[in-house]
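Below is one structure, written out as structure tokens, with a few remarks after it.
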Amino acid sequence: MDDKFTKPYDPKSTEDRIYTVWEQSGFFNPDNLPARHKEPFTMIMPPPNANGDLHVGHALFITVEDIMTRYKRMQGFKALWIPGADHAGFETQTVYEKKLEKEGRSRFKMDRDELYKEIYDFTIKNKATMENQVRKMGASCDWSREKFTLDNDVVLRVGETFKKMYDDGLIYRGNGMVNWCTKHQTSLSDVETETKEINDKLYYIKYGPVTVATVRPETIFGDVAVAVHPEDPRYKSLVGTTITVQNPNGELSLKVVGDEIVEREFGTGALKITPAHDKNDFELATRHHLPSVEVIDQFGKLNEKAGKYAGMKIAEARKLVVEDLQTMGLIEKIEDYLHPVPTCYKCNTSIEPRILPQWYVKMKPLADKALDAYNAGKLTFYSENYGKIFSYWMSNPIDWNISRQIVWGIKIPAKICTKCGHGFPDLENTAVKCQKCDGEIVADTDTFDTWFSSGQWPLIALGFPDGKDFLERYPTDVMETGYDLIFKWIPRMVIFGLYLAGDVPFKNIYMHGLVNDAKGKKMSKSKGNVINPLDMTEKYGTDALRMALVVSNPPGSDTALAENKIKGYKNFANKVWNVARFIFSNTEGVTADDSKISTDADKALMAEFAELTKDITSDFDEFRFHLASEKIYHYVWHRFADVILEESKNIFSGEDLKAKTSRQHTILSIFTQSIKILHPFMPFVTEEIWAYIPKEKETLLMIESWPKSD
RNA sequence: GGGCGGUUAGCUCAGUUGGUAGAGCGCAACAUUGACGUUGUUGAUGCCAGAGGUUCGAGUCCUCUACCGCCCACCA
């Protein structure tokens, strides 16, 4: 036997070497695959953020996607898995801001271009690190087609889409209530906010003839009305009148309006209306044609409209306003009040609703198409309950604010009129006057929400509208991503796919869950229970980590990952290794030939294995990798090794030559096929063993054909 | 308030179309230079959350209840 066939199996001396062989073979690129590979199979990798190390969630998605790709490749498809890297707009800028903070610097004191350049360099450096970590996981993706979300063609395509949507009346500029983060100085989409339960006070303020309840007394200088329920007998007579109310800065005249939105049971049933600083109030004010008065600025400080409170931060102003109101005898009572408050998902700062001119995407017509496609069965979700969530979300679309006041991203190619506020796309940067009023124009300094560009990712990655890959491979076969993106990303890709290409971007959607710790608790740095995938591959090998991530982990649900589980699969890799050693030492000079299998017992073993292969193949086809992996694991260890090989020992030491020969061919055949089935899960150890299996000519296991089951 | 899921062995979880309960880890006893001690053999532990229903048959389908988790949300 080969001297290199040492014991035990050593992933460290194997994995990098094998990955290099694969990469150099060119077979990650489907264009180089042998002629038997005909039909396309296509998957786009959700581009990992190029702003830090891979975490165990990345390890999971790379594993699952690589399993699909390797399986399809072996089945004879022209399998293509396109990798990418995401500049991750706000995400990366947040990471970089933290870095600046540590260095005692601030982005607000930096020149825009200088900041962009710094973040660019930071990202490109991290991108290379990220790519190598993806390789470490064994990903068989086509690096020659890799795309970065800030590549020139991406920027151009995104700009063109913006213009097309504007021309089609699907994008408008408007004053809307935005979720403003006073720390990050940008607006956020609804999905970028997190609702937190906050302990506040509910203040009952005597307001002329009524009493209103509010948690934000500091905004009373921006009040424009009092709202009550139109059918509320207590206030019915006041509706339509104007009342005079007192505040520490003097008197205000406020209209009383009736609106169904007011809950009669809550507080006093009367509500002060501050359109500039509350989403509800803004909408109500729009319905009743009320003006809005801004009293809080972008930094979360009160402005000159607040009189003597001008310049104060919200918390400070609230305290003083309440004290002053108390002095004036206007506070009726104060209650403790636990209520949900939207916060910035990055820094937990309470969102300050503001009215700002922003670009919006009109979602209804787009979402309707997405819903139709889903109802027509063009999208299959794994697990299927995500289809319900998708459908619910698409049935209740809200217009999408795509403007972000951050530097790190794709600039919105538009001009804004300083006179009339009109905004319009200007891709060539040639406009000099406002289209509407001939006024002065300035370039929009905002950038697109990341999801505006990443929503077009499947199209862009394939070279829409006329690229060869796009023409041959759209729609793609599978999109595999985390279930947290069911709102953020999946709907946008579907919408853009339907809008731009007239078809869904993918037929199947496989959603993976979170990887939690051994106790099923969420991993977090503060809890100290984070498992670093790179440590695990170092300690137990990539194959072991991959198995641990996929066994017992069905699509759509969270999984618990214990280090012991990974260790268990390292043992399994070693077991497979030793099975190989046993078989090779008992079949020297033999090349597998099924026609030499002659005993009934062996034929039965072959039939049993064929049955298993059939079963596992259908698991693969139905995305049940959690079952397929467990079945082959169980078979190889507890059926093949524990039972079949044990009884083979007796046959090999016996006198029956015919039985001996038959058994040699049987175990060689079954083992060879088992290695193939294991390959998508444990690509390294199986490829390494493959090299030792006697065969007519040297090939790579990664392009071998999948075992037949019929 | 709305939506989605979960409740199966000590722990973490599988269980695809309804057909006499499974895995990993853990536990107990035994074996030992055998391909493998990163091993093998044997074993213990489950009224599959509770109640009702459909069925020849339910962990699996239906209804209700209880508890747990996640997501969404404009009662100030």
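Given the structure is predicted, the values throughout are model-derived calculations rather than measurements. Below, chain A is the first sequence line, B the second, and so on; all start at residue 1.
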Tell me the interatomic distance from [X], atom [atom1], to [N], atom [atom2], rounded to whole angstroms.
X	N	atom1	atom2	result
Asn564(A)	U12(B)	CG	P	14 Å
His634(A)	G15(B)	NE2	C1'	13 Å
Leu485(A)	C71(B)	CG	P	13 Å
His638(A)	C36(B)	NE2	P	18 Å
Leu514(A)	G69(B)	CG	P	15 Å
Ile389(A)	A73(B)	CD1	C1'	15 Å
Tyr633(A)	G24(B)	OH	C1'	7 Å
Asn586(A)	C36(B)	CG	C1'	13 Å

Nearest to the side chain of [X], which nucleotide is it out of [options]?
X	options	answer
Tyr392(A)	A35(B), G2(B), A76(B)	G2(B)
Phe266(A)	C75(B), C72(B), C36(B)	C75(B)
Lys388(A)	A14(B), G5(B), A35(B)	G5(B)
Glu630(A)	A35(B), A23(B), A76(B)	A23(B)
Asn571(A)	C4(B), C72(B), U39(B)	U39(B)
Glu263(A)	A76(B), G24(B), G15(B)	A76(B)
Pro8(A)	U38(B), A76(B), A35(B)	U38(B)
Asn385(A)	C72(B), G5(B), C36(B)	G5(B)
Trp637(A)	G15(B), C13(B), U39(B)	U39(B)

Work out how far the [atom1] atom of [N] is from that of [M], and round it to whole angstrom.
N	M	atom1	result
G34(B)	A28(B)	C1'	25 Å
U60(B)	G52(B)	P	14 Å
A35(B)	A21(B)	C1'	33 Å
G57(B)	U20(B)	P	15 Å
C48(B)	G59(B)	P	8 Å
G15(B)	A9(B)	P	15 Å
U38(B)	G24(B)	C1'	15 Å
C62(B)	A23(B)	C1'	30 Å

Test of ring centre spacing under 6.0 Å for Tyr569(A) and Tyr9(A):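 Between Tyr569(A) and Tyr9(A), the centre distance exceeds or equals 6.0 Å.
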
Presence of Lys631(A) side-chain N/O under 4.0 Å of A14(B) phosphate oxygens OP1/OP2: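 It does not, given that no N or O in the side chain of Lys631(A) lies less than 4.0 Å from OP1 or OP2 of A14(B).
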
Phosphate OP1/OP2 of A14(B) contacted by Ser557(A) side-chain N/O (<4.0 Å):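 Yes, such a contact exists.
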
For [X], which contact category applies under a 4.0 Å heavy-atom criterion: base, sugar-phosphate, or nothing?
X	answer
Ala213(A)	base
Ala641(A)	base
Phe487(A)	sugar-phosphate
Glu646(A)	base
Lys272(A)	nothing
Asn516(A)	nothing
Val579(A)	base
Val212(A)	nothing
Leu561(A)	nothing

Value rounded to 0.5 Å, distance of NZ in Lys649(A) from CG in Leu645(A):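 With rounding to 0.5 Å, NZ (Lys649(A)) is 8.0 Å from CG (Leu645(A)).
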
Pairing nucleotide - G22(B), Watson-Crick or G-U, each distance under 3.5 Å: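 Pair assignment: G22(B) / C13(B).
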
Strand partner of C70(B), provided both Watson-Crick or wobble distances fall under 3.5 Å: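 Matched C70(B) with G3(B) under the 3.5 Å cut-off.
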
Asn348(A) backbone acceptor or donor facing Glu194(A) side chain under 3.5 Å: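 A pair under 3.5 Å: no.
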
Donor-acceptor under 3.5 Å (Arg546(A) side chain, Met682(A) main chain):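 Checked: no pair found.
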
Lys575(A) (side chain) and C36(B) (base): donor-acceptor pair under 3.5 Å: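 Indeed, a donor on one side and an acceptor on the other fall under 3.5 Å apart.
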
Lys/Arg-Asp/Glu bridge criterion (N-O < 4.0 Å) met for Glu647(A), Arg663(A):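 Yes, charged N to carboxylate O under 4.0 Å.
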
Asp200(A)/Arg318(A) salt bridge by N-O under 4.0 Å criterion: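 Between Asp200(A) and Arg318(A) there is a salt bridge, with a charged N closer than 4.0 Å to a carboxylate O.
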
Minimum-distance pair of heavy atoms, taken over all atoms of Tyr382(A) and Glu622(A):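 Minimum heavy-atom contact is CE2-O, 3.8 Å.
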
NZ/Lys507(A): more than 12 non-hydrogen atoms of other groups inside 6.0 Å: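 Yes.
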
